[in-house]
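All residue numbers in this chain count up from 1 along the given sequence. It should be emphasised that the depicted structure is a prediction, and the values quoted were computed from it without experimental measurement.
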Amino acid sequence: MENQSTKKGFFNQGLSTSAYLMCGWPFVLVLVGGAIGGGLGALAYYINLKIYKSNLSNAYKVILNILTGISAMILWYLIAVSIRVYFQQ
């Protein structure tokens with residue numbers, strides 16, 4: 001049997017509250033992107049959590065965090081343009 005004190009939940013992974021906030025900034029896509037933005041924001045949040053739990057230096061973590069969020073925004077924009085072009089025909 002697994003001991004409850006050694007079992008880690010999703011929000012009990014040893015990260016600070018500020019790290020969770022920095023990882024979650026791509027969720028801003030929900031405001032403009034709806035379900036697609038929410039899905040991409042959640043994916044970026046998951047990737048950012050993995051980045052913050054890695055052994056990289058803090059500077060690299062912040063840079064990768066920003067790049068992950070920007071990548072999610074670019075992908076959202078490309079999907080939105082593709083949908084718009086598809087429905088204009």
Hey, any chance Phe27 and Leu31 share a hydrophobic cluster, counting ILVMFWY side chains that come within less than 4.5 Å of each other, even indirectly? no

I'd like to know if Leu78 and Leu67 are part of one continuous hydrophobic network [Ile/Leu/Val/Met/Phe/Trp/Tyr, side-chain heavy atoms within less than 4.5 Å]. no

Students should find that the hydrophobic cluster of Tyr60, defined by side-chain heavy atoms under 4.5 Å apart, otherwise consists of Leu43, Ile47, Ile51, Leu56, Leu64

Heavy-atom donor-acceptor pair, Lys61 side chain to Ser54 backbone, under 3.5 Å: yes

Taking all non-hydrogen atoms of both residues into account, name the closest pair between Cys23 and Tyr52 and its distance. SG-CD1, 3.2 Å

Any non-hydrogen side-chain atom of Asn48 less than 4.5 Å from a side-chain atom of Pro26? yes

Provide the closest heavy-atom pair for Trp76 versus Val32 in the form atom of the first, atom of the second, distance. CZ2-O, 3.5 Å

Does the side chain of Leu29 reach to within under 4.5 Å of the side chain of Ile36, using non-hydrogen atoms? no

In the single-linkage hydrophobic clustering (I, L, V, M, F, W, Y; side-chain heavy atoms under 4.5 Å), do Leu40 and Ile83 co-cluster? yes

Step by step, would you call Ile74 with Tyr77 a side-chain contact (heavy atoms from CB on, under 4.5 Å)? CA-CA 5 Å; Ile74 291 170; Tyr77 180 76; 5.6 Å; no

Which pair of non-hydrogen atoms, one from Ile70 and one from Trp25, has the smallest distance, and what is that distance? N-CH2, 4.0 Å

For the pair Asn65 (side chain) and Met22 (backbone), establish whether a donor and an acceptor sit closer than 3.5 Å, ignoring hydrogens and angles. yes

Qualifying residues under side chain to side chain donor-acceptor pair (under 3.5 Å), relative to Ser16, sequence neighbours excluded: Ser18

